[in-house]
2 protein chains.
Amino acid sequence: VTSPAPVRIDIGEAGIRSQALVGHGLIDRAAELLESPSGRYFLVFSEGAGPAALQVGAALAGHVAADIPIRDTEEGKSLAGVGAICDAALASGLRRDDALVAVGGGVVTDMTGFAAAILLRGVAWNAVPTTTAAMADAAIGGKTGVNHARGKNLIGAFHPPRRILIDPAAARGLSDRDWRAGLVEAFKTVWIADPDASSRARKRISSLVRRDEEALLSLLVDSVSVKAQIVSSDLREGDRRRLLNFGHTLGHAFEAASGPGTLRHGEAVAWGIAGALWLSRRRAGLPREQESELLEALAALGPYPEPVRDADLMRLYLALDKKANAKGNAGVLLEAIGRARVEEGIPIGEWLEASIAAAIPGR
Amino acid sequence: VTSPAPVRIDIGEAGIRSQALVGHGLIDRAAELLESPSGRYFLVFSEGAGPAALQVGAALAGHVAADIPIRDTEEGKSLAGVGAICDAALASGLRRDDALVAVGGGVVTDMTGFAAAILLRGVAWNAVPTTTAAMADAAIGGKTGVNHARGKNLIGAFHPPRRILIDPAAARGLSDRDWRAGLVEAFKTVWIADPDASSRARKRISSLVRRDEEALLSLLVDSVSVKAQIVSSDLREGDRRRLLNFGHTLGHAFEAASGPGTLRHGEAVAWGIAGALWLSRRRAGLPREQESELLEALAALGPYPEPVRDADLMRLYLALDKKANAKGNAGVLLEAIGRARVEEGIPIGEWLEASIAAAIPGR
């Protein structure tokens, strides 16, 4: 029995070619779907993604030059961690026409992509995300990198993978909490730019919460398509791409203020979206019933631990935001479901109000 | 008194813009000639380049956000060393629109350029080379990177500097030996592609050996122009760019076989060119009198320590060459002064013969 053809989504401008493949049973077809100029692959994976990595390795049988296991913690996502990937790849005889394959969540895809960017001044790589967060967000768009004591993702490169292989089965090992938190990014992406996809996403929520893989696949086709359109039109960091930060100004601050390990990234973004919706109603005319609709959707993907909302901490982390300037922080506001805009210089006081107002209804 | 306008040489394709400025008195005009989107500079320099760095710092007065001293040894040219530059820059508040400035030799420009490539996923940088080797070669063409236990420059990025400020006065602190060894790369560059510049270079040799800065400036205008033409037509690593490896196949092997610190890179390349000339006469029809002319020029830039020519060692290092394959190593051969070509698969035995035949006349 042959699986149906995967949905192919092209990402990038001329010369920077990346293709996401979304479908069932793709991992077993890795030999046909991944890309390596030489035909050789160097497999980088986290322990948690071991089963998926084994499956990818089996599918690439005879073409895997090295297995490179790494730890996938935010603390290990460092320049030294990427150096260790480089060491292992060079020790196994990596050549310029070989390719890396990342099998894991966002930490693994970010680190592997960055290692590929700097090994021999750039080799090809592929991503096989195993978390809903990496499927929806981390592996798409070409940003790779590591954390620094001064902040997350401060060191890195733009180096898109040749192929991103999105197979819902790869996320079977995820906890329910991680599975749902990752979906927040997929909802966010369709909400900023696609009313029809937003409406489809809404109808799928109960199936998604039940971990229906058909529903996940459909949501990801929509959200990856939207993200691909946005990043293709604006590959580095102009205004279009900034729309993807919807929910992230407060989200990052909530995540940092709450301390490491308290909130999943997607959970912090859910709280950040709740705050951004409050601002959107006030400043961008978002209708109240649309705000309620999105809050209901967030609620369905929860519950979320309460974030720390301490004003001094929030003020500190908002000031560290890359988009902060003397007038305040730029924010992404929703005018309606499927239509977002960037607003410059929203005063810090208003962000703090929004952080207190952010509320997600209980279920 | 205003200095005469510097010679401006554009390097790169559309979108990757780099400009070399060659002239006297440029360092004192750094504020006008270097480029930073924000107007702020982060100065990275080696101890040996301290005087030049002080001068650059004075010229940029009030616009230097941080001084970042580094060690410029081949051993320190590591991913960890670049991490230390990143740490210092981020600790001093580097933002995306700031620029680094490298003041030093090739190790400093290679490391600073690589740090600029990965900091905040890429910030601008400028190079102020203080060695003849870096002026002629290292700072031109966009290759940045660090060494790895498995080989030199195995980790890095293409990230051209905005401006390369070539002021002969910056090399006054160099030893005679380093001054002359660096010139070998400038001669090599004109020899592969420009008969007229080769003839001018020949006439300048005695002035160059006397460290005449006017002669250095003229030679560098020629050699940087040739290298700019080659790398602009072929920014990554196609056939045109490979011509710049003239003398480097045997040169790298001599350098490695002789052990660290024995031969300057330029000295190893001089021996490598001598071997490549022997091959060029045999395989590419290089006339004997032209071979003699170039060997005379090399002799004038010497003397050079004898390289280790042990066949087993040479065989080992030739096999590690990036351009080695089953048939042998590709080599760059000279058909005539100013006209080079790449020849694939020259058998290892012939390279070993050439390594023994390589001879530079005594003075």
Side-chain angles (χ1 to χ4, degrees), chain A residues 13-16 38 78-97 110-111 113-123 141-160 235-238 241 319-325, chain B residues 13-16 38 78-97 110-111 113-123 141-160 235-238 241 319-325:
Chain A
E13 298 163 326
I16 306 184
S38 72
S78 65
L79 195 56
V82 166
I85 297 175
C86 293
D87 290 345
L90 292 170
S92 301
L94 182 82
R95 296 188 296 249
R96 285 183 189 177
D97 53 354
D110 280 5
M111 289 177 72
F114 186 36
I118 65 175
L119 273 164
L120 308 179
R121 293 202 192 90
V123 300
K143 289 186 179 179
T144 71
V146 296
N147 300 327
H148 184 270
R150 300 260 157 192
K152 289 175 80 169
N153 300 317
L154 292 185
I155 294 179
F158 283 91
H159 189 58
L235 209 57
R236 299 246 159 184
E237 189 101 46
R241 185 148 192 163
L320 287 179
D321 187 279
K322 291 191 196 94
K323 284 103 191 165
N325 66 28
Chain B
E13 298 164 327
I16 306 184
S38 72
S78 64
L79 195 56
V82 165
I85 298 175
C86 294
D87 290 346
L90 293 170
S92 301
L94 182 83
R95 295 189 297 250
R96 285 184 189 176
D97 53 355
D110 280 4
M111 289 176 72
F114 186 37
I118 65 175
L119 274 163
L120 308 178
R121 293 204 193 89
V123 299
K143 289 186 179 179
T144 71
V146 296
N147 300 328
H148 185 271
R150 299 262 158 189
K152 289 175 81 169
N153 300 317
L154 292 185
I155 294 179
F158 284 92
H159 189 57
L235 210 56
R236 298 248 159 183
E237 189 102 46
R241 184 150 193 163
L320 287 178
D321 187 278
K322 292 191 194 92
K323 284 103 190 165
N325 66 28

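Quick note: numbers below take in every heavy atom, side chains included, and nothing from hydrogens, waters or symmetry partners. Since the structure is predicted, the reported quantities are computational estimates derived from the model, not experimental observations.
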>> side chain to side chain contact (heavy atoms under 4.5 Å, CB included) for B:Leu119 and A:Leu154? Distances and angles first, verdict last.
In response: CA-CA 6 Å; B:Leu119 274 163; A:Leu154 292 185; over 6 Å; no
>> Please classify the contact between B:Ala91 and chain A as side chain, backbone, both or neither, with a heavy-atom cut-off of under 4.5 Å.
In response: both
> Where is the tightest heavy-atom contact between B:His148 and A:Asp87, given as atom of each residue plus distance?
Replying inline: NE2-OD1, 2.6 Å
> Which pair of non-hydrogen atoms, one from A:Arg150 and one from B:Leu90, has the smallest distance, and what is that distance?
Replying inline: CD-O, 3.7 Å
>> Restricting to non-hydrogen atoms, name the atom on A:Leu79 and the atom on B:Gly83 that form the minimum distance, rounded to 0.1 Å.
In response: CD2-CA, 3.5 Å
> Who passes side chain to side chain contact (heavy atoms under 4.5 Å, CB included) against A:Ala117, sequence neighbours left out?
Replying inline: A:Phe114, A:Ala157, A:His159
> By a 4.5 Å heavy-atom criterion (distance strictly below it), what part of A:Ser78 contacts chain B: side chain, backbone, both, or neither?
Replying inline: neither
> What pairs with B:Ser38 under side chain to side chain donor-acceptor pair (under 3.5 Å), at least two apart in sequence or on another chain?
Replying inline: B:Ser36, B:Asp98
> In terms of heavy-atom pairs under 4.5 Å, which option from B:Val82, B:Ile155, B:Val146, B:Leu94 contacts chain A the most?
Replying inline: B:Ile155
>> Ignoring hydrogens, what is the shortest heavy-atom contact between B:Thr144 and A:Arg121? Give both atom names and the distance.
In response: O-NE, 3.1 Å
